Amino acid sequence: MARKQNEKIVSLEEFQEKIDRDEKIEPKDSMPEAYRKTLIRQIGQHAHSEVVGMLPEGNWITRAPTLRRKLSLLAKVQDEAGHGLYLYCAAETLGKSRMEMNQELLSGKAKYSSIFNYPTPTWADIGAIGWLVDGAAIMNQIPLCRCSYGPYARAMIRICKEESFHQRQGYEIMLTLARGTKAQKEMAQRALNRWWWPSVMMFGPSDADSPNTENSVKWKIKRYTNDELRQKFVDAIVPQAEKIGLTVPDKDLKWDKKRNNGQGGYAYGEINWDEFWRVVRGDGPMNNERISAKQKAWNEGSWVRAAAHAHALKKQTALQAAE
Amino acid sequence: MKSNMADMVFEGLLRIADDNLILGHRTSEWCGHAPTLEEDLALPNIALDLIGHAQTLYCLACEINSRYKNEDQLAFLRLEHEYKNLLLVEQENGDFGNTVLRLFYFSTFMKYFWERVKIECCFTKLKEFSEKAFLETSYHSRYASQWVVTLGDGTDESNLKMSNAIANLEPFLGELFNNDDFTEMCSQNDFLPEPTSIFDSWKNEVKAILQKGNLDFPDIILKKRGGRKGEHSEAFGYLLSDLQYMQRAYPNSSW
Amino acid sequence: MVSEEKETILWEVFIQPKNGLSHRHCGSIHAPDREMAILSARNVYSRRGEGQSIWVVRSIDIVSSDPDEKEETFSSDDKIYRHPTFYDVPDDVGHM
């Protein structure tokens with residue numbers, strides 16, 4: 001719902017008390033400007049990621065190998081459009097319009113998840129994205145269902161419910177390939193090699209280099225830090241890979257009893273942060289192609305949107321004349 | 001089922017299934033590239049229905065013809081001349097206006113087609129399926145008609161683009177209503193309605209919608225045809241190389 | 001080119017899951033007019049067959065209470081005589 005600016009200034013202490021009582025913040029409640037900005041930035045990036053994320057997978061809809069795979073991929077990519085839309089609407093409740101958001105995406109000003117700047121050269125990449133990227137996304141998203149900002153939390157509940165099939169879909173593709181012919185198995189392993197490190201990086205910079213994390217956790221926008229989530233992800237994926245006979249491309253990967261407060265977890269190798277920042281700054285394999293595709297669609301659709309406006313206006317005028 | 005009856009049912013199912021698969025394929029190409037995010041959801045919704053219809057119909061066809069072991073073999077592994085879809089549905093999408101106009105023509109035709117199948121088809125499984133297909137194509141027709149009116153009526157530019165789309169698709173409409181020996185046989189055996197028998201209802205509805213969008217109803221005479229006999233246009237080859245790529249590059253694999 | 005475009009109207013979407021239940025707010029969409037709004041609402045919010053009736057209403061037409069007057073508007077629940085447990089009825093009367 002569109003937001004009416006609330007003039008009353010809330011003190012940070014008062015606001016923090018409300019958050020600590022686990023009360024939800026709703027659009028018209030007073031909130032600190034920094035809280036609002038953090039949310040707009042995070043929801044915006046999340047929305048853009050869904051929308052840009054349609055491209056690498058959408059790429060394979062027309063080439064999916066069976067009708068069953070085609071239908072589930074199409075449904076999945078369509079869900080991503082829906083999720084982008086729910087999130088834009090959540091951002092809109094904070095006073096940031098869809099048009100502004102869209103402009104920031106098209107101008108290259110807005111950030112989105114770097115993972116979508118990697119290419120999908122084979123069908124196995126569709127499996128790897130579903131398994132790893134959706135797997136990572138779900139880990140990020142489930143805690144967000146309890147986020148302090150009501151509209152964001154509600155959007156996330158809907159999204160998580162709908163996405164429950166996405167990771168299974170991806171894993172099933174990988175499993176089928178891994179049990180298939182030699183060529184299929186190799187395709188699957190190569191895709192895992194391509195997507196592993198970018199997926200591990202998806203959780204963002206390590207906690208020491210993540211300036212926004214502290215406030216986000218304090219305000220219950222985020223419930224876990226980047227490193228905590230990354231650890232959960234690695235712990236979940238490694239046995240899944242073993243199960244289907246694929247090898248995680250990290251020679252330093254080993255069980256470490258001390259991790260997770262002594263419960264044990266996987267130690268993993270050094271993340272290539274240079275690559276991470278290079279892709280974030282726009283120099284990834286597909287940054288230009290992704291934004292160009294969105295710009296092209298937007299520009300080619302401009303006459304359609306103009307016509308829809310004009311038609312709506314004519315109908316309204318006719319309606320008023322009749323009254 | 002007697003063998004000549006089985007041949008007829010098989011061929012009839014293929015014609016409808018191929019139309020749906022190929023138009024579904026074209027519609028799915030829009031996913032991620034539509035004019036608004038709302039349309040990025042709408043077009044895949046329709047593509048899902050169309051491809052879903054094709055899937056059901058191919059399954060029915062496989063039950064009749066044991067040469068084909070599953071629906072994927074029909075969808076992915078025939079040669080170009082074995083596909084029996086209309087030329088109309090295989091043409092490239094063009095702009096959004098051309099896409100919704102074609103969808104409007106086709107889904108309005110299919111709406112009346114399924115309505116007749118619901119009443120008079122002797123093949124029970126198809127008759128049962130037609131209930132759902134009728135509802136879904138009715139929705140497609142309504143969705144597309146709303147865009148045709150909007151774009152026709154919107155601005156001078158959009159009206160011109162829609163007029164161009166009408167001219168562009170005009171040569172392919174004749175084939176939609178073309179009776180041949182096969183359609184006559186289907187009709188005599190109470191299997192499928194003859195295309196010409198749908199023409200009046202289709203024309204009345206299409207004319208009314210085009211009029212609301214200040215657009216002229218096209219001349220419908222048989223110009224381009226061949227799809228029903230497996231003679232396709234150039235655009236179809238590229239479509240098949242996308243559609244069939246995986247099955248051809250990795251034969252005899254499970255997916 | 002982007003900046004010249006007008007914002008489309010924002011609509012709130014309410015879906016009734018089935019007869020007998022009330023329409024529930026489920027989110028928003030953008031659409032230029034009400035016909036498109038209904039179509040888009042259906043495409044966006046009932047992809048999994050949720051619902052059998054949809055309402056859309058322009059967001060700006062929703063009148064909302066002021067959150068800063070929450071306490072005056074929604075006075076605390078101290079009218080205990082509105083609750084059934086306020087009244088003593090002998091146990092052997094059974095459920096009432």
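Per chain, numbering begins at 1; letters A, B, ... match sequence-line order. Please read all numbers here as calculations on a predicted model, not as lab measurements.
Note that CG of Leu74(A) and CG of Leu50(B) are 10.0 Å apart. Values are rounded to the nearest 0.5 Å. A distance of 11.5 Å separates CG of Asp242(B) from CD1 of Ile61(A), quoted to the nearest 0.5 Å. Here OG of Ser28(B) is found 10.0 Å from CG of Leu71(A). Values are rounded to the nearest 0.5 Å. Atom CG of residue Leu37(B) and atom CE of residue Met54(A) lie 7.0 Å apart, to the nearest 0.5 angstrom. Note that CD of Gln78(A) and CG of Leu48(B) are 5.5 Å apart. Values are rounded to the nearest 0.5 Å. Residue Trp298(A) holds its CH2 atom at 15.5 Å from NE2 of His33(B), rounded to the nearest 0.5 Å.
With a threshold of 4.5 angstrom between heavy atoms, Glu300(A) does not approach chain B through any atom at all. Contacts between Leu177(A) and chain B at a heavy-atom distance below 4.5 Å involve the side chain alone, from C-beta outward. Heavy atoms closer than 4.5 Å to chain B are found nowhere in Lys296(A), neither backbone nor side chain. Proximity to chain B (any heavy atom under 4.5 Å) is shown, for Val52(A), by neither the backbone nor the side chain. In this structure, chain B has no heavy atom under 4.5 Å from any part of Lys315(A). Both the backbone and the side chain of Ala47(B) come within less than 4.5 Å of a heavy atom of chain A. Contacts of Arg179(A) with chain B are absent, with no heavy-atom separation under 4.5 Å from either backbone or side chain. Neither the backbone nor the side chain of Asn70(B) comes within less than 4.5 Å of any heavy atom of chain A. Interface remark: Thr66(A) contributes backbone and side-chain atoms alike to the contact with chain B (heavy atom separation under 4.5 Å). For a residue to count as touching a neighbouring chain, one of its non-hydrogen atoms must lie under 4.5 Å from one of that chain's; by this rule Leu85(A) touches chain B with backbone and side chain alike. Heavy-atom distances place no part of Ala312(A) under 4.5 Å from chain B, backbone and side chain included.
No donor-acceptor distance shorter than 3.5 angstrom exists from the side chain of Lys70(A) to the backbone of His25(B), with no hydrogens or angles considered. Judged by distance alone, the side chain of Glu157(B) and the main-chain N or O of Ala306(A) form no donor-acceptor pair under 3.5 Å. Of the possible donor and acceptor atoms, one in the side chain of Gln247(B) sits under 3.5 Å from a partner among the backbone N and O of Pro65(A). Without hydrogens or angle criteria, Arg69(A) side chain to Trp255(B) main chain gives a donor-acceptor distance under 3.5 Å.
Between Glu39(B) and Arg305(A) there is no salt bridge, since no side-chain N of the basic residue sits under 4.0 Å from a carboxylate O of the acidic one.
With respect to Val304(A), the side-chain contact (heavy atoms from CB on, under 4.5 Å) criterion is satisfied by exactly one of Val100(B), Leu151(B), Asp95(B): Leu151(B).
Options Arg68(A), Glu80(A), Arg98(A) differ in how many heavy-atom pairs under 4.5 Å they form with chain B, and the most are formed by Arg98(A). The choice from Met187(A), Glu172(A), His309(A) that makes the most heavy-atom pairs within less than 4.5 Å of chain B is Met187(A).
Met246(B) is listed as a side-chain neighbour of Trp60(A), based on a closest heavy-atom distance under 4.5 Å. Put simply, the side chain of Arg63(A) does not reach to within 4.5 Å of the side chain of Leu243(B), judged on heavy atoms.
Listed here is the closest heavy atom pair of Ala297(A) and Gly32(B): CB-O, 4.4 Å. Here the shortest heavy-atom pairing between Ser254(B) and Thr176(A) reads O-CG2, 3.8 Å.
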Practice problem: Might you work through the side chain to side chain contact (heavy atoms under 4.5 Å, CB included) test for Leu21(B) and Leu67(A), ending with a clear yes or no? | Solution: CA-CA 9 Å; Leu21(B) 175 68; Leu67(A) 290 178; 3.8 Å; yes
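Atom OH of Tyr245(B) sits in a sparse spot, with 12 or fewer heavy atoms from other residues, nucleotides or ligands closer than 6.0 Å.
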